[in-house]
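Proteins come first, then strands; the chains are lettered A, B, ... in the order of their sequence lines, and each starts at number 1.
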Amino acid sequence: MTGTAIISALAVWGAGWFVNARLANSDAAQSRLVKLLIPVIFGLTILIMWELLVRLLEVSPVILPPPTMIAERFANELPTLWADFEQTIIKGAMTGYIIGMVAAFAVAILADRSDFLTRGILPVGGFMAALPIVGTAPIFVRWLGSDWHSKAAVVAVMVFFPILVNTVAGLRDTTVMQRDLMRTYGAGYWPTLFKLRLPAAMPFIFNGLKIATTLALIGAIVAEFFGSPTVGMGFRISTSVGRLALDMVWAEIVVAAIAGSALYGLVAWIEGRVTFWHPSQHK
Amino acid sequence: MAVILANSLNLTFQTNDGPVHALKDVNLEINKGDFVSFIGPSGCGKTTFLRCIAGLETPTGGDISVNGMTPDEARMARAYGYVFQAAGLYPWRTIGGNIKLPLEIMGFSKAEQNERVGRVLELVDLAGFEKKFPWQLSGGMQQRASIARALAFDADILLMDEPFGALDEIVRDHLNEQLLQLWARTEKTIGFVTHSIPEAVYLSTKIVVMSPRPGRITDVIDSPLPKERPLDIRDSAEFIAVAHRVRDGLRAGHVDV
Amino acid sequence: MAVILANSLNLTFQTNDGPVHALKDVNLEINKGDFVSFIGPSGCGKTTFLRCIAGLETPTGGDISVNGMTPDEARMARAYGYVFQAAGLYPWRTIGGNIKLPLEIMGFSKAEQNERVGRVLELVDLAGFEKKFPWQLSGGMQQRASIARALAFDADILLMDEPFGALDEIVRDHLNEQLLQLWARTEKTIGFVTHSIPEAVYLSTKIVVMSPRPGRITDVIDSPLPKERPLDIRDSAEFIAVAHRVRDGLRAGHVDV
Amino acid sequence: MKSLLPVLSVVGAILLFWVVSVVPMNMHLTADLAQRQDVAVTPDTPVARQDYSGIGLALRNTHLFGMTYTLDRPRLPSPHQVAVEMWETIALRSVTSRRSLVYHGWVTLSATLLGFAIGTGLGILLAVGIVYNRAMDMSVMPWAIASQTIPILALAPMIIVMLGSIGIQGLFPKAVISAYLSFFPVVVGMVKGLRSPDAMQLDLLRTYSASPNQGFWKLRLPASVPYLFASLKIGISASLVGAIVAELPTGARAGFGARMLVGDQYGQPMVTWAALFAAALTAAALVGLFSLIERWTLRRMGMQAT
Amino acid sequence: DEANDVTLQLQWVTQSQFAGYYVALENGYYEAEGLNVTILPGGPDIAPPQVLAGGGADAMLNWMPSALAARERGLPVVNIAQPFKTSGLMLTCWKDTGIESVEDFRGKTIGVWFFGNEYPFLSWMSQAGIPTDGSEDGVEVLRQGFNVDPLLNREADCISTMTYNEYGQVLDAGVSEDELVTFKYEDQGVATLEDGIYVLEENLEDPVFVDKMVRFVRASMEGWKWAEANPEAAAGIVLDYDETGAQGEAAQIRMMGEVAKLTAGSDGSLDPADFQRTVDTLLAGGSDPVISQQPEGAWTSVITDQALN
Ligand SMILES: Nc1ncnc2c1ncn2[C@@H]1O[C@H](COP(=O)(O)OP(=O)(O)OP(=O)(O)O)[C@@H](O)[C@H]1O
Ligand SMILES: Nc1ncnc2c1ncn2[C@@H]1O[C@H](COP(=O)(O)OP(=O)(O)OP(=O)(O)O)[C@@H](O)[C@H]1O
Ligand SMILES: Cc1ncc(C[n+]2csc(CCO)c2C)c(N)n1
Ligand SMILES: [Mg+2]
Ligand SMILES: [Mg+2]
């Protein structure tokens with residue numbers, strides 16, 4: 001039984017890989033469709049292997065449910081999933097993300113005005129970024145209550161540092177020549193900031209924003225483990241584990257992965273629009 | 001009338017390996033309407049001197065005045081157009097946007113901005129490229145755009161640090177001719193750094209030969225060439241004589257190749 | 001004896017803006033011991049042609065042979081030393097380590113490696129700098145190190161793509177002299193890309209003038225200059241005549257400056 | 001050294017803000033306590049006090065300021081309370097004692113290091129695969145990104161149960177979760193690093209007709225070293241967070257994570273705060289260590305001036 | 001070896017709630033039965049039934065509502081012993097919120113543990129006809145974390161507490177008993193059985209396993225009775241096993257005292273009447289049933305019959 005299971009899973013893997021290798025090395029590899037298709041095939045291969053292994057090895061659904069069961073649950077629980085999504089992602093993660101981002105920009109610009117502040121803020125910020133969420137989340141829940149406000153605070157703190165560091169680094173990433181040009185125009189601080197340093201910093205800022213998207217989701221969900229109303233993705237995951245409804249847990253994880261990838265994609269798309277001029281954006 | 005007057009100027013950089021004497025006892029007088037070339041081996045302080053004039057670097061000794069002011073005051077009064085060795089266009093702005101940059105900062109009106117952009121683009125033969133981004137243009141075109149940018153706000157003094165270093169010879173010849181025409185037309189005072197002897201001789205009314213370690217002026221040559229200079233003046237005996245004098249001056253300062 | 005033979009060579013790049021005809025119907029014969037310069041405006045296909053010879057680019061039409069083999073076979077047989085426009089030394093290797101790189105790859109013994117490093121460093125006047133890292137050397141010294149790297153494994157054919165582009169005139173003159181001496185001593189076949197007319201004329205036995213859009217050869221000039229060339233040969237009438245012919249050829253191909 | 005004064009100033013400012021915040025943050029609890037000890041408090045019922053903000057209440061009860069700094073179970077402990085707890089649990093206990101944060105630090109650190117090693121190894125392998133195999137490049141990257149959006153705290157118990165069901169317990173499951181968080185930055189950084197050689201550097205090797213193997217060892221790998229260190233520094237702190245997270249579903253036995261949880265559960269905020277700061281200090285120390293190794297390595301490789 | 005190794009999964013971190021097992025381990029009662037026992041502490045993310053299903057443990061402690069729910073989900077767990085006779089679960093409310101009876105819960109915010117521990121509360125509310133979905137005349141349910149802060153901060157009007165742990169923590173925070181109102185599930189007639197020992201049904205077909213469990217239950221009960229008689233020493237033993245080193249001695253002694261009250265009436269065997277009351281309570285919940293039908297074979301006296309004869 002175990003033997004067949006492993007052999008058939010390997011066969012599926014081989015088939016998926018073969019198709020992808022053919023596609024990737026074909027002439028069509030540069031087309032949009034194929035670029036999308038290849039990761040999809042890869043994902044499908046993994047899902048089929050998962051389904052096969054779980055079914056053939058008779059893994060208890062209490063430990064790992066098969067993808068079909070998760071899909072079914074996903075389809076049946078759409079209203080619940082949507083409510084959880086709203087609570088956790090839209091209220092918790094997005095609010096926190098925006099607060100953290102604005103705060104990081106503000107501090108970056110403040111720090112940027114003086115070398116002294118930059119030297120002071122960056123190491124301390126690094127230390128604060130190392131505070132593990134497992135410790136900070138209960139503190140914020142204690143301070144701000146169980147609803148989404150505390151989640152937003154956790155997210156804001158988590159995303160603050162990566163955005164700050166990248167923005168500060170970006171604001172410094174101008175060449176001497178670019179800065180001197182501004183000086184020959186007798187340009188003051190603000191024109192230099194808006195016309196030179198902010199545009200030049202954009203590739204860095206977006207780097208920070210991209211890292212921050214995945215952190216924001218994790219932060220909002222994990223913080224719900226330490227107290228929440230009876231809605232939210234973290235609440236649902238934890239409660240469903242307690243009820244052994246692992247299919248529901250995975251349905252929420254799917255929502256998280258989709259939301260995370262979509263947010264990441266969105267930021268990357270905006271990045272492409274804003275930093276179209278950067279060498280990394282043209283082929 | 002002296003536009004730029006340097007009086008035993010000194011500039012020492014403090015580096016990890018000890019002080020570097022980038023300029024030592026430099027005396028120079030540049031008059032209104034002069035075209036002055038600076039030539040000399042790498043590290044002799046050409047760029048540093050140009051930057052002192054522009055108020056981008058603060059001398060550690062001696063003094064320098066521009067239009068009777070300090071260089072810093074002159075910078076704030078927007079007395080200079082500066083062209084850097086590389087084009088240094090901002091990649092997120094179109095060619096037109098790049099040329100508008102100084103105009104925006106200096107508070108020109110929108111209409112005036114557009115009018116000037118059109119005019120200087122014409123001047124450097126880039127009409128029609130206003131909406132392109134820098135990376136969509138060849139190196140030579142970018143360099144011309146950067147010259148246009150420096151011309152846009154009509155400063156009296158134009159400082160150019162090896163503006164044609166990256167270009168091929170033919171394009172360079174062409175730009176040299178155009179630069180001369182522009183200078184003749186506008187009567188600007190031009191400070192021009194180059195590595196090329198023929199270029200220096202062809203363009204200048206005054207050639208300043210420099211030498212490194214410490215950076216100093218070893219020779220100042222007033223050109224006997226007429227103001228009107230067709231390209232083939234470069235085959236004339238006068239031209240070759242001046243070029244020889246420059247080369248000798250350079251070789252004297254070049255002991256360590 | 002033809003070392004390199006190109007027969008109606010064509011190369012078209014497919015780009016987003018449509019095909020670019022980088023080389024069109026290029027015919028050329030290079031003999032053993034030739035010093036061939038390629039000159040022409042930016043984008044005329046000089047680099048592309050050199051890369052075709054080295055088997056780094058695959059032509060889309062026509063054929064090319066090197067030592068009677070395909071360029072790829074010749075590359076596998078390690079027939080070339082290639083010097084790129086920028087020095088391109090690996091920053092994590094010392095100068096000695098950089099020169100050893102090809103020797104390691106080609107499996108020379110340790111002793112042989114050391115012996116050769118010493119020899120080529122001597123050749124380019126860099127003895128004593130073996131243990132330095134690239135950033136501890138000036139641009140000119142780095143460029144010489146990269147030439148030493150190409151010489152280390154004694155390939156018969158040396159391909160150089162604007163090796164002195166970034167250097168100042170005096171250093172350049174000096175390296176030109178040294179390169180000529182090296183060539184005279186070793187009888188290598190050299191393909192050399194440059195933007196400078198005097199450089200091309202001073203160095204070559206054969207000057208190939210190219211023109212862009214599509215990239216093609218417009219003139220091939222066999223130099224009348226003797227093999228022995230002091231620097232001041234550049235003031236001779238023969239030299240100036242050849243330079244004129246080159247300049248005319250270039251200007252003809254340059255319609256769009 | 002140049003940064004010492006700025007850092008001290010920023011730390012000073014934060015401490016000041018913290019000390020000032022203690023009063024309003026703890027005011028409600030303090031007022032409740034004071035009232036039980038028959039100290040006059042305005043307003044005089046807990047319910048009425050709920051209508052006031054911490055600051056508002058503090059302004060009406062200035063005589064309670066001192067008390068806010070000495071609560072046993074404050075909402076926000078004052079810095080000196082945390083410092084005392086840290087001093088007692090780090091310096092005054094034998095390092096083998098369960099009451100010593102050094103002991104718990106070692107528990108967490110061992111999982112961190114093992115997980116970091118696994119994650120880094122995996123990340124480098126994956127990066128090599130992505131750089132050398134087009135199919136892998138196009139398939140794996142989107143999923144690697146998606147994998148990082150999965151809340152680890154949700155996945156951790158499942159990983160632990162699954163590993164437990166095949167008899168693996170103890171250090172390894174924690175390390176797996178650590179590895180899960182640290183592999184991603186390493187993949188991203190190493191892919192960038194292995195691809196950092198420019199066309200010319202690659203062409204140079206082609207003119208020598210070097211084998212792919214030689215290309216890897218002599219060009220791509222050394223060129224990627226600066227990127228590797230940048231990712232290692234992110235990866236090691238991610239690893240530490242992973243190990244701490246993993247301590248909750250492995251039975252919250254020992255380690256910083258267990259201390260934080262238990263401190264929270266039994267109303268001992270100082271235990272939580274001390275563990276929190278100790279964890280951040282550990283992360284800072286690890287990152288500092290890697291910076292040192294980085295500096296040393298890059299200098300030896302000649303890739304860093306001075 | 002298979003025949004003598006037992007792994008027990010607790011449902012929370014090491015504390016006096018589990019004193020009997022630690023005492024049996026420390027005092028050598030397991031050893032005397034020839035057993036080699038490993039105790040796995042729990043935590044906020046550990047679902048003991050899942051660990052059991054995965055084969056990570058031979059036996060688990062669980063609250064019966066959670067265990068019965070797992071049974072209905074297709075994980076056949078069986079109660080083999082019930083050391084806790086009475087329930088220690090209660091709601092603790094501020095008196096000044098005006099809550100005096102169950103009806104007063106309407107419109108109030110109440111902290112509840114989830115993770116399989118919400119069933120007793122949900123059943124109770126549905127029996128009392130109070131909606132828990134946040135509607136006007138219902139209660140606002142808060143998912144309570146692991147501490148009593150929501151009550152102290154007055155974010156919640158009532159929170160779930162165990163007599164032996166969280167209630168004491170509220171008092172430790174300086175609150176006096178007469179500021180509080182408590183509702184014990186036991187007193188409300190909605191008590192469900194807590195902290196029973198459960199194993200997988202299929203394992204009970206194996207006589208070797210049964211024999212192992214018999215010895216395990218016997219030794220464990222011996223541990224419990226010793227702990228009841230020696231609360232301070234028992235708490236000391238628990239503290240010795242607490243690897244976090246963060247537990248306070250006074251708290252554990254107090255917890256042991258309270259737990260002893262809950263284990264007092266039990267010799268380890270499950271009283272069918274208690275079982276039926278638990279089931280009835282759960283089934284009585286109308287709208288959100290935890291279990292939908294009378295469970296069959298959810299407990300067995302086979303082990304205790306042999307262990308206690
Ligand atoms: N910011 C600086 N700090 C330290 N030393 C400097 C600095 N700028 C220039 N120098 C040194 O001062 C000397 C003169 O430099 P400068 O750039 O003026 O030379 P240059 O004549 O323009 O050379 P090149 O032809 O290479 O541009 C050099 O030795 C250089 O290394
Ligand atoms: N990899 C490529 N893909 C597309 N187009 C290319 C590529 N390489 C070169 N080209 C184009 O082919 C033409 C010839 O390029 P090549 O680099 O050979 O010119 P060149 O004579 O060496 O110019 P330069 O003097 O600027 O180095 C140019 O138009 C260039 O844009
Ligand atoms: C996530 C989670 N939440 C609540 C409980 C419920 N619970 C059962 S025993 C116990 C200890 C009481 O002092 C608690 C809190 C749990 N096990 N896991
Ligand atoms: Mg310079
Ligand atoms: Mg080229």
Side-chain angles (χ1 to χ4, degrees), chain D residues 28-29 32-34 36-37 45-50 71-73 75 89 93 97-101 103-104 107 153-154 156-158 160-169 245-255 257-269 271-272 274-275, chain E residues 7 9-15 38-57 94-98 115 145-149 152-155 157 165-166 168-176 178-179 239-248 251-252 255:
Chain D
H28 283 92
L29 286 176
D32 292 355
L33 268 183
R36 288 184 199 114
Q37 295 163 17
T45 66
V47 178
R49 287 196 289 270
Q50 284 312 110
L71 298 186
D72 273 347
R73 306 175 162 226
R75 262 174 102 199
T89 49
R93 309 240 181 250
S97 153
R98 290 171 190 168
R99 298 196 179 263
S100 159
L101 269 183
Y103 164 79
H104 292 283
V107 170
L153 209 56
M158 290 190 251
I160 289 183
V161 168
M162 278 192 265
L163 287 174
S165 71
I166 51 172
I168 299 174
Q169 279 174 353
V245 166
E247 273 162 8
L248 303 189
T250 43
R253 266 179 260 197
R259 292 284 287 193
M260 287 177 206
L261 175 78
V262 170
D264 185 44
Q265 228 257 279
Y266 296 95
Q268 300 170 304
V271 170
T272 303
Chain E
T7 306
Q9 176 67 56
L10 308 183
Q11 54 176 341
W12 198 241
V13 298
T14 305
Q15 57 178 359
T38 311
I39 299 178
L40 300 178
D45 280 326
I46 295 180
Q50 206 191 8
V51 177
L52 208 60
W94 287 114
K95 190 177 265 172
D96 56 21
T97 57
F115 209 73
F146 319 119
N147 56 42
V148 296
D149 287 336
L152 298 181
N153 292 340
R154 292 183 171 266
E155 191 192 354
D157 302 301
N165 185 4
E166 286 79 6
Q169 282 188 46
V170 176
L171 301 184
D172 283 349
V175 180
S176 70
D178 40 83
E179 290 177 82
L239 280 174
D240 284 345
Y241 280 91
D242 165 41
E243 286 178 63
T244 66
Q247 310 272 31
Q252 293 306 314
M255 187 184 297

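Neither the backbone nor the side chain of Glu155(E) has a heavy atom closer than 4.5 Å to any heavy atom of chain D. For Ala173(E), the parts sitting under 4.5 Å from any heavy atom of chain D are the backbone and the side chain alike. Heavy atoms of Asp72(D) lying under 4.5 Å from chain E are absent altogether. Using a 4.5 Å cut-off between heavy atoms, Glu179(E) touches chain D through its side chain atoms alone.
Taking 4.5 Å as the limit, every side-chain heavy atom of Glu166(E) sits out of range of all side-chain heavy atoms of Tyr266(D). Contact check for Asn147(E) versus Gln265(D): no side-chain heavy atoms found under the 4.5 Å cut-off. Between Asp96(E) and Thr45(D) the shortest side-chain heavy-atom distance does not fall below 4.5 Å. Side-chain contact between Arg73(D) and Asp172(E): present, with at least one pair of heavy atoms (C-beta onward) separated by less than 4.5 Å.
Among Gln268(D), Gln37(D), Arg75(D), His104(D), the residue making the largest number of heavy-atom pairs under 4.5 Å with chain E is His104(D). Per-residue counts of heavy-atom pairs under 4.5 Å with chain D were compared for Thr14(E), Asp242(E), Val148(E); the largest is that of Asp242(E).
To the nearest 0.5 Å, atom CZ of residue Arg154(E) and atom NE2 of residue His28(D) are 9.5 Å apart. To the nearest 0.5 Å, atom CG of residue Asn153(E) and atom CG of residue Leu29(D) are 6.5 Å apart. Note that CD1 of Ile46(E) and CG of Leu248(D) are 9.0 Å apart. Values are rounded to the nearest 0.5 Å.
With sequence neighbours excluded, the residues that form a side-chain contact (heavy atoms from CB on, under 4.5 Å) with Ile39(E) are Leu10(E), Tyr21(E), Tyr22(E), Leu25(E), Val37(E).
Between the side chain of Arg99(D) and the main chain of Thr244(E), no donor-acceptor pair closer than 3.5 Å is present.
A pairwise comparison of heavy atoms in Gly267(D) and Gln169(E) identifies N-OE1, 3.6 Å as the closest pair.
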